[in-house]
Amino acid sequence: MQAYLDDAASTRLDPRVLDEMLPLLSAEWGNPSSLHTRGRSAREAVERARERTARLVGAEPSEVVFTASGTEADNLAILGTAAALEGTPWHLVTSAIEHPAVLEPCRFLERRGVPVTWLPCGPDGRVAPEALRAALRPETRLVSVMAANNVTGVVQPVRELAAICTERGVPFHTDAVQAAGKVPLDVLADGVSLLSLSAHKIHGPKGAAALVVRKGTPLAPLLFGGGQEGGLRPSTEDVPAIAGLGKAAEIAALEMRDEAVRQVALREALVERVLAGIPGASLLGDRWRRLPGHAGFLFEGLEGAAPALLLALDEAGVAVSTGSACSARHADRPSHVLEAMGFDPVRARGALRVSMGRFTTRPDVERLLTALSEAAARLRAGAGLARPLIR
Ligand code: PLP
């Protein structure tokens with residue numbers, strides 16, 4: 001069996017989630033908008049999922065808008081704000097380390113004349129609240145900063161950033177696709193107006209995600225149709241996938257604390273042995289303020305070799321990622337996240353991302369350590385460097 005350590009890309013469906021979804025994929029095919037019994041039962045499944053999803057992030061069920069992906073939720077947050085503001089000059093603030101699902105709609109708006117401020121991050125991969133304070137203008141109408149970065153796993157100071165926005169009356173969006181279900185989030189206590197999350201990152205299915213829209217946040221739809229999801233995301237609901245998201249959110253909320261403890265122990269064993277055993281290895285970003293099961297590494301002298309390292313690990317039955325899954329097909333390009341952290345373009349090409357989930361075991365980590373040691377040594381020998389040893 002493969003050792004799968006790429007949970008930041010996508011996670012294995014939890015069998016409890018599959019059990020929730022199966023009846024809705026077969027016997028229960030009703031449309032939730034239909035008034036008959038079968039329709040009402042589909043509606044019940046959607047509303048149960050809404051309550052469970054809301055509970056994961058401290059929202060009211062009525063504040064959850066289901067979408068088909070985290071990308072769609074991010075686009076709805078940013079372009080939906082733009083649509084609500086149509087005709088008013090406004091200013092948008094985001095960060096240089098966002099996922100393309102946020103970067104690209106912001107760039108799209110910038111090309112159409114909306115001024116955008118791109119907040120930098122430090123070498124620790126964190127966006128500084130003071131930078132946000134300095135960037136705000138009287139006409140700022142949205143700030144979007146992710147809750148945890150998909151390349152480094154570094155957790156952002158969401159509560160501090162949101163508090164600055166609350167002070168100034170500016171809606172704050174956070175892309176919590178990597179963070180939700182792994183670290184505690186509470187839209188009310190954190191002061192977040194818009195929050196995106198996605199089922200396939202928390203052992204749910206692909207095809208279901210949500211944008212949490214706090215009451216009173218200006219947002220207009222990007223799709224027009226039958227008025228589902230409070231008119232913000234019309235389409236016949238993907239009932240099985242939405243029910244899967246709800247179940248995945250429920251399990252994540254219940255098991256978050258124990259899982260975090262377990263994954264931090266696995267991650268720390270990995271980090272310590274990689275740093276001690278592979279010469280030139282360094283951890284990307286803040287040492288502690290990171291997702292429990294997420295670590296990104298750079299290997300000095302192997303900068304150009306990250307894709308070769310990944311393929312060698314794959315051959316040895318270990319799945320990890322270079323940088324992020326979305327950028328994996330462009331591994332020859334420097335990562336915008338690493339560049340924002342101050343790495344030169346050569347080093348910014350060489351990251352290896354290890355991310356764990358509920359089904360990651362200690363033997364998986366041991367297998368990665370052995371395979372990584374061997375692959376790095378082979379590649380280094382090819383590059384005429386000394387053979388490293390994992391202790
Ligand atoms: N935002 C972040 C931080 C992500 O890591 C991802 C996916 O990798 C997305 C957004 C996009 O989510 P989805 O794959 O559900 O479209």
Side-chain angles (χ1 to χ4, degrees), residues 4-13 17 53 56-57 64-80 94-108 119 121 125-127 144-156 158 161 173-183 185 192 194-212 222 233 238 241-242 244-245 248-249 252 284-285 290-296 319-330 335-338 340 351 353-357:
Y4 184 81
L5 291 135
D6 200 13
D7 281 77
S10 201
T11 54
R12 181 175 144 195
L13 194 70
V17 174
T53 306
L56 178 64
V57 294
V64 171
V65 176
F66 289 120
T67 64
S69 66
T71 300
E72 191 194 331
D74 284 340
N75 272 256
L76 178 56
I78 291 154
L79 300 179
T94 186
S95 89
I97 58 167
E98 297 300 309
H99 186 275
V102 167
L103 284 183
E104 292 303 331
C106 290
R107 285 190 184 133
F108 172 84
L119 299 175
C121 76
R126 303 225 332 151
V127 173
S144 178
V145 178
M146 69 203 321
N149 184 264
N150 50 300
V151 175
T152 61
V154 168
V155 172
Q156 300 299 325
V158 165
L161 296 169
H173 168 242
T174 192
D175 172 350
V177 168
Q178 290 293 342
K182 295 172 199 151
V183 290
L185 290 168
V192 168
L194 298 157
L195 178 146
S196 317
L197 57 86
S198 181
H200 77 103
K201 309 288 188 182
I202 54 168
H203 303 284
K206 292 163 189 69
L211 179 68
V212 172
L222 304 177
R233 207 285 188 171
D238 184 340
I242 288 172
L245 166 58
L284 276 174
R290 57 177 50 255
L291 296 174
H294 196 129
V320 293
S321 168
T322 56
S324 72
C326 309
S327 62
R329 305 211 172 276
H330 312 286
S335 148
H336 70 281
V337 177
L338 269 63
R353 178 180 74 178
V354 179
S355 51
M356 305 169 191

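Both ligands and their constituent atoms are indexed starting at 1 by order of listing. We use all heavy atoms of the structure for the numbers below, so side chains are in, but hydrogens, waters and symmetry mates are not.
If you number the atoms of ligand 1 from 1 as listed, the ones under 4.0 Å from a heavy atom of D74 come out as 1 (N), 10 (C). Listed by number with element, the atoms of ligand 1 under 4.0 angstrom from any heavy atom of T71 are 11 (C), 12 (O), 13 (P), 16 (O). With ligand atoms numbered from 1 in the order given, ligand 1 contributes 3 (C) to contacts under 4.0 Å with heavy atoms of M146. The G70 neighbourhood of ligand 1 comprises atoms 12 (O), 13 (P), 15 (O), 16 (O), with distances under 4.0 Å to a heavy atom of that residue. Near H200, meaning under 4.0 Å from any of its heavy atoms, are these atoms of ligand 1: 13 (P), 14 (O), 15 (O).
R12 pairs by the salt bridge (Lys or Arg N to Asp or Glu O under 4.0 Å) definition with nothing, not counting sequence neighbours.
Evaluation of the salt bridge (charged side-chain N to carboxylate O under 4.0 Å, His left out) test over residues 197-207, restricted to residues two or more places apart or in two chains, returns none.
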Requested in this report: Go through the steps to decide whether Q156 and T174 satisfy the test side chain to side chain contact (heavy atoms under 4.5 Å, CB included), and finish with yes or no.
Outcome: CA-CA 10 Å; Q156 300 299 325; T174 192; over 6 Å; no
**Report entry** Audit row: V320, R353, side chain to side chain contact (heavy atoms under 4.5 Å, CB included) steps and yes/no
**Finding:** CA-CA 6 Å; V320 293; R353 178 180 74 178; over 6 Å; no
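Contact annotation for K201 and ligand 1: only side-chain heavy atoms (C-beta onward) come within less than 4.0 Å of the ligand. The parts of S69 lying near ligand 1 are both backbone and side chain, judged by heavy-atom distances below 4.0 Å.
In terms of polar-atom proximity, N150 is not counted as a contact of ligand 1, lacking any N or O under 3.5 Å from an N or O of the ligand.
No donor-acceptor pair closer than 3.5 Å links the side chain of R233 to the backbone N or O of A73. The closest donor-acceptor contact from the side chain of S196 to the backbone of G70 lies at 3.5 Å or more, if one exists at all.
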